[in-house]
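Throughout, numbering of the chain's residues begins at 1 and tracks the sequence. Nothing here was measured: the structure is a model prediction, and the numbers come from that model.
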Amino acid sequence: MGAVPQSVWAMSSDGSVTLLVGGGITEKLWHPDGGTSWMDAVHPKDRGWFRRAWRRATRERSTLDAVVRVRLDGAPGRFRHIKIIAAPVPDGNGGEEWVGTAADAEDHWRTRMREKLLARMAAVPAARDLSEAFLTTAAAVVPELADAVAIFRVRDDVEAGARPVGGVPATASPERVGLAPGLPPLPPLEGDFLLGPVARQAIDSQEPQLLVFPPEGAPTDGISAASARWLRQARATGVALLPVVVDGRTVALAAIATCRGNPPPDEADLSLLRDLFQQMSGPLRRTMELQSIRGTALALQQSFLAAPPSVDGLTVSALYHPADSAAEVGGDWYDAVRLSADALALSIGDIAGHDLDAATAMGRVNSLLRGLAYDSGPAASPAVTLSRLDRIVQALDGPSMVTVVHAVLRRLTGGGWHISLSNAGHPPPLLIPRDAPSRYVYGRTAPDPPLCVTDGFTRTNLHAALREGDTLVLYTDGLVETPDTDIEDNLRRLRERTDALVGRGLALPSLIRALLPSVQHRRDDIAVIALQARPDGRRSP
């Protein structure tokens, strides 16, 4: 279709239109056949607001100035943006008529729309997961360019759990969806939504693909039953599949539906949508890099978090919960080393920093402490062991700061265990007696300073008893520290929550899981190791 020339027209009070200058698409707009309204030539999405604008101009006797989509002559499914300027003027009979112009505005509209949408996408940051970028993109598309959007992450066949469905790599459920007002809610979308040859072609060719549905509704081939039902309920006219490509690989597939009788996108619409979704490649690349680093750090960290050893008379349980943020993983660890049949070394710590550097440093410090504890034996002083560790780590140009609690438990002849521990700037251990409220293991003064912050400091030991049925919990600061809160208040709340849980008679693994804060408050990774003295433990000679 060539450029539409500007036309000048006049409309009488009875609705008759006279074309004064020009022609082309204006003739189709103002001279519909079969007694239909001229408004039928306006795009369905524009009719409501355009009709209201026209009535307001009539009521207020003001100028109408609008850009509206108008159906092309002989092309029922194709529309073009037309700029209409019109004003009411008196006619010769004491009545009123309209005089106006109509000019092609397609190129100008698309340029402005492209700039607006890409400006929205430019603000998308590298997110801790892909959903944030997907949400921003879906919000940019709906409802201006589409009625519904579902964005799926395309997974490689080699990814764990991926399974080809109908010859197409399995996709995760959509990270985010967008719906125009008034549409029925989307059903749960599984990985087989819109899988089939067309999706396979979009993924492989990295080019948009368009499914146009017949008037009787969406077909079922290649579409899950639930999705096909929704498309029919929404009166979908078509679905565009747009691949999102990062570094030559299709990493996401956007399914964009036009509904409620709105015409499916044309080639110009697909071009604009493709540019918009490809704008996601930058944020997605950064997000995927963060996820890769996080995955490597998490794998390295968990490789050092061995299962606690079995010790007669003790139940030992531990957990590690990575932070929900991609930037907060890598520094926490726990460890337990069996020193003899009647002695156990226990430690928990946190390395300053996050991600791969922190995970690597954590591995070194954890290994050093584990070796020192085993070499020192059951009679060692935890304070001396931490002092030795501090000297070694500083000499090897270790991390900037390490907080750690190191404890040695020795079985008592009459039953129970003696706890000797040293605290280097770490949150205090929580002791839960079997028959009394829980309490923290504090010294008479503040905890010793963390490792790597001072030289020649004489560290101290703290002592406590673990009777049969008592529990000792060591944890990292992610359990009790959140932004803009007081640490003492958080410690008090942890103790109160613990006392309430103990009354429910939970087993040790369930107890420490129940201590975790709610998901929305997990800003840091959390490590916990706990032990409970059993009444069936053997006695030392």
Side-chain angles (χ1 to χ4, degrees), residues 128 301 305 317-335 346-355 358 362 399-407 419 421-434 436-451 453 460 462 464 466 470-504 506 508-532:
R128 64 186 183 183
Q301 183 173 32
L305 301 179
S317 185
L319 64 80
Y320 171 75
H321 191 284
D324 294 331
S325 170
E328 301 289 333
V329 66
D332 292 16
W333 90 89
Y334 61 79
D335 197 16
L346 205 65
S347 60
I348 195 159
D350 189 4
I351 303 290
H354 298 99
D355 287 343
M362 177 274 294
S400 60
M401 187 176 72
V402 181
T403 69
V404 60
V405 170
H406 179 60
I419 305 170
L421 65 87
S422 185
N423 187 341
H426 201 77
L430 182 62
L431 182 62
I432 311 171
R434 67 172 184 258
S438 58
R439 60 183 176 85
Y440 291 105
V441 182
Y442 285 118
R444 293 182 178 178
T445 60
D448 295 342
L451 308 185
V453 299
T460 58
L462 305 177
L466 191 73
D470 292 353
T471 302
L472 180 69
V473 181
L474 278 63
Y475 53 92
T476 55
D477 58 4
L479 190 64
V480 292
E481 289 188 0
T482 54
D484 302 321
T485 61
D486 182 80
I487 182 63
E488 293 300 327
D489 288 342
N490 293 342
L491 288 171
R492 175 181 51 79
R493 282 191 287 267
L494 174 62
R495 182 170 51 78
E496 292 172 351
R497 187 165 71 249
T498 300
D499 290 341
L501 291 170
V502 168
R504 293 163 53 185
L506 297 175
L508 188 59
S510 298
L511 172 64
I512 62 175
R513 282 196 299 270
L515 292 178
L516 294 177
S518 59
V519 174
Q520 62 265 31
H521 293 115
R522 296 177 191 172
R523 303 293 182 88
D524 200 354
D525 46 350
I526 300 171
V528 180
I529 187 166
L531 50 83
Q532 188 175 71

From CG (Asp470) to CG (Leu431), nearest 0.5 Å: 6.0 Å
Thr403-Asp350 side chain donor-acceptor pair, cut-off 3.5 Å: no
Look at the side chain of Arg439 and the backbone N and O of Ile432, then say whether any donor-acceptor pair between them is shorter than 3.5 Å. no
Less than 4.5 Å apart, any side-chain heavy atom of Tyr334 and any of Val528? no
N-O pairing of Glu496 and Arg492 below 4.0 Å: yes
Quiz question: by atom type and distance under 3.5 Å, do the side chains of Asp525 and Thr476 form a donor-acceptor pair? no
Heavy atoms only: give me the nearest Tyr442-Pro428 pair and the separation to one decimal. CE2-CG, 3.6 Å
Determine whether Trp333 and Val404 make a side-chain contact, defined as any pair of heavy atoms from C-beta on separated by less than 4.5 Å. yes
NE2 on His406 to CG on Asp335, rounded to 0.5 Å: 9.5 Å
Within-4.5 Å side-chain heavy-atom neighbours: Pro429 and Asn423: yes
May I ask you to decide if Leu494's main-chain N or O and Thr498's side chain share a donor-acceptor pair within less than 3.5 Å? yes
Donor-acceptor check, side chain of His426 to backbone of Pro450, threshold 3.5 angstrom: yes or no? no
In sequence, state the C-alpha distance, the side-chain angles, and the governing distance for Val441 and Leu421, and then conclude on side chain to side chain contact (heavy atoms under 4.5 Å, CB included). CA-CA 9 Å; Val441 182; Leu421 65 87; 4.0 Å; yes
Determine whether Val453 and Met401 make a side-chain contact, defined as any pair of heavy atoms from C-beta on separated by less than 4.5 Å. yes
To the nearest 0.5 Å, tell me how far Asp477 CG sits from Ile526 CD1. 9.0 Å
